[in-house]
Structure formats: structure tokens, C-alpha cells
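Shown next, in C-alpha cells, is the structure this report addresses.
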Number of protein chains: 2
Amino acid sequence: MVMQISAEKLCLHLKSHGRRLTKARRAVIEYLFKVSAPVTAVDIIENLHNKGLQVNKTTVYRELEFLVKMNVVNEVSISKQIMHYEVSHLDHHHHLVCDKCGCIQEVDTSAVEMEMTKLESRVLGLGFKIDHHNLEFFGTCADCK
Amino acid sequence: MVMQISAEKLCLHLKSHGRRLTKARRAVIEYLFKVSAPVTAVDIIENLHNKGLQVNKTTVYRELEFLVKMNVVNEVSISKQIMHYEVSHLDHHHHLVCDKCGCIQEVDTSAVEMEMTKLESRVLGLGFKIDHHNLEFFGTCADCK
DNA sequence: TTGACAGATGCAACCCAGTTGCAATAATAT
DNA sequence: ATATTATTGCAACTGGGTTGCATCTGTCAA
């Protein structure tokens, strides 16, 4: 389970662990916290660029890799073309993805999660230790219907 | 819901719908039915090659696209690098993927599916029509633990 | 059996998300 | 101010997947 933290707290946390607070890192983190939705590396680069901050794509990919390793950002597989990234919130949630317009909504899956916890202990008895899961829903949103 | 069919029945079905039974198509379909597990385009090409059947990767990708469109093959997102494909069986199922050795097992998710059906009707009330979902579990298999 | 049509194929070039190696830069501690 | 080392930019690369187009080949009707 991940702490619920703000962008500033995260920056301080990183700093106290020997990480440096560069313009790029700060901007990527702030953007991820601000949008609070699954975004792509391209989205991030574009946003920083619009702010007048020139950051190389390699830097962004490395920063994302780093934040995922630090468990403060999750990879979200909602497109088969490109990876999305989202701040790890306290509440484990999943998404409704519209196949037509691509919009993304969060959805409450607590009842489903409860069944998955049972499944988890069941397969643990069979020798498989589940560590995490992917779950995304696809369909048509209210606006596109 | 998809008919439970064999490779031969599928071929006949395709033929009766104006499709041609080429060596490549037949071989791809037979392989997918034989392995009955999520495989990649590369796996397929390799298998055909080992059988002495030279098939271009473009052909394989086009065949997979076609079979997905025909609803007899599903795309399975268990790797962020490469897409997997699997014959659509009557029983809707999901997978346990070992993060260490990459092995894939099927898992019974019927209880989870029941909760997802409830979720589905709940979000339908909110205007979102769910069409399909992705669900895969990741962790460590019995052999790798 | 033959010929023609349209589906299927191969090829080469391409697209694009993501990665790598390495030299240069810059944030921090002293 | 300086040394240390994390971070960055660049350019080239990787690899899954796609596209356009000329060619081929299953299929079927005559």
C-alpha cells in the first residue's frame, strides 16, 4: 500500500533519499499529480514543452521508469499502442476507457476486488503467488453513445 | 458469446463466407488451436518456419487481425512489449502470468466475473456501456517461488 | 479445363514507442 | 569553490507492427 502524498512531499521524500530535484523531475511529478489521470510520455513531453521547458524524451522515459520503481507511479495498460502512467493513489482503482473518444473514467471496483482477494488466496493454495493485476474496462461512454 | 469450434470447422466456416483456405491461413489457425494458449506473432512465424512453411510476418499479422475481427481469436495483453493471441473459447477466462519465467496458466474467474457483471449494469446506469475488459494476474509461479 | 476475379501474399520501406551508450551538465555536500 | 555523482541530451538503435503495391493463387463460373 502506498502513502497518499502530494507532489511537494514526494519531492522532499526523494531529496532525503539522495535524489536531486531537477527542473525536469519536478515538472514531470507536478504534471502527473495535477492531471491525476493516466497520461503518456508524449503527453508529458508536450505539457513540459508548452510550459517552455525543453526536456528530452529519454529523460522523461527514465523519470517514469524511476517513479514506477519508487512505487509512486503506476503503469496503466489501456492502449496497445502506448503506455499510460498515473500517480499511485491510496485507493486502488481501475478505468472505463471509451473505445470511440478514448476518454478515461475511474470506476469503483471494490466489490470485484473482494472477489479477486478470494481468488488470490485460492491460487496461492495452488502455488501461485499473485503480486498484482491488470484490469481495465472498454466500451462506449455517455457522450459517444 | 462465441461458438466452440475446431480448426477444421472454422476453416469451413471461413470458406462458406467467401474466404480462401490458403496454406498460411490453415497453418496459423491450426497452430493457434493446437497450442490453445496465448502466443505471439513471432511464435507463430517460428512454428510455421519449423514446419518448413515460409510465411511473411506481414501475412501473419494480417491473418491475426482478420481472426480477431472474426471474433475467433482474442488479443491478450500480458506483456507490454508484444501482443499475445489466443483462440476464443466458450469459457471466458483469464491468466496467471509468472513475472519470472513468463509461463502462463489459465485461472477460473467465474466469481469475479459475476461481480463484474454487476459493475457493468451499475455503470450502464451512469451512461457507460461496457463492451469488454482486460484482466490478467501477475506474480510468481510454483516453480519459480 | 480454362480464364477471370478478388482475396491473399511477399517485399521493402516505413512508423513510432521505447532503449542504450556515452559525453556533457548540473544539483548537492563538504 | 570544488569534487562527486546523479541527471541530462543526443544520436543512433531496437523491435513490434503497418502500409503500398505489384504479384500470386484459390475459387468458381462458363
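Chain naming here is simple, since letters A, B, ... match the order of the sequence lines and numbering starts at 1 in each. Being a predicted model, the structure only gives us computed values, none of them experimental.
Residues that satisfy the side-chain hydrogen bond (donor to acceptor under 3.5 Å, both in side chains) test with K118(B), not counting sequence neighbours, are E115(B). F138(A) meets the ring pair (Phe, Tyr, Trp, His ring centres under 6.0 Å) test with H132(B); sequence neighbours excluded. When the side-chain contact (heavy atoms from CB on, under 4.5 Å) test is applied to K145(A), the partners found at least two apart in sequence or on another chain are T140(A). For H95(B), the ring pair (Phe, Tyr, Trp, His ring centres under 6.0 Å) partners are H93(B), not counting sequence neighbours. Here K80(A) pairs with E75(B) under the salt bridge (Lys or Arg N to Asp or Glu O under 4.0 Å) rule; sequence neighbours left out.
The hydrophobic cluster containing L21(A), built from Ile/Leu/Val/Met/Phe/Trp/Tyr side-chain heavy atoms closer than 4.5 Å, comprises no other residue. F137(A) shares a hydrophobic cluster with L96(A), V107(A), V112(A), M116(A), L119(A), V123(A), F128(A), I130(A), L135(A), L96(B), V107(B), V112(B), M116(B), L119(B), V123(B), F128(B), I130(B), L135(B), F137(B); the chain of contacts runs through ILVMFWY side chains whose heavy atoms sit under 4.5 Å apart.
First and last contacting nucleotides of DNA chain C toward chain B (any atom under 4.0 angstrom from a heavy atom, 5' to 3' order): dA6(C) to dA12(C).
Residues from residues 51-59 of chain A that place a heavy atom under 4.0 Å from any atom of DNA chain D, listed by number: Q54(A), V55(A), N56(A), T58(A), T59(A). Annotation: proximity of residues 16-47 of chain A to DNA chain D (heavy atom, distance under 4.0 Å) is found for R19(A), R20(A), T22(A), A24(A), R25(A), numbered in ascending order.
Protein atom CD of Q81(A) is 10 Å distant from nucleotide atom C1' of dT18(D), rounded to whole Å. Rounded to whole Å, atom C1' of dT19(D) lies 11 Å from atom CD of E65(B). In this structure, CG of L48(A) is placed 15 Å from C1' of dG9(D), rounded to the nearest angstrom. Rounding to whole angstrom units, CD1 of residue I82(A) and C1' of dG15(D) are separated by 16 Å. Here dG15(D) presents its P atom at 19 Å from CE of M83(B), a figure rounded to the nearest Å.
Looking only at distances, no side-chain donor or acceptor of R25(A) sits under 3.5 Å from a matching main-chain atom of C11(A). N74(A) places no side-chain N or O within donor-acceptor distance of the main-chain N or O of V76(A), the cut-off being under 3.5 Å.
The line from CD1 of I44(A) to CD1 of I29(A) is 10.5 Å long, rounded to the nearest 0.5 Å. Atom CG in D143(B) sits 7.0 Å away from atom SG in C101(B) (nearest 0.5 Å).
Each end of the helix from dT1(C)-dA30(D) to dT30(C)-dA1(D) gets its own rotation axis from five pairs of C1' atoms, and the angle between them is 30° to the nearest 10 degrees.
Side-chain N/O atoms of Y61(B) include one lying less than 4.0 angstrom from OP1 or OP2 on dG17(D).
Within the structure, ring-ring contact (aromatic ring centres under 6.0 Å, His included) contacts touching residues 14-60 of chain A (residues at least two apart or in different chains) are H13(A)-H17(A).
Annotation: K15(A), atom NZ; neighbour count of heavy atoms from other residues, nucleotides and ligands within 6.0 Å does not exceed 12.
Where Y85(B) and R62(B) each meet DNA chain D at their nearest nucleotide, the meeting point lying more 5' is that of Y85(B).
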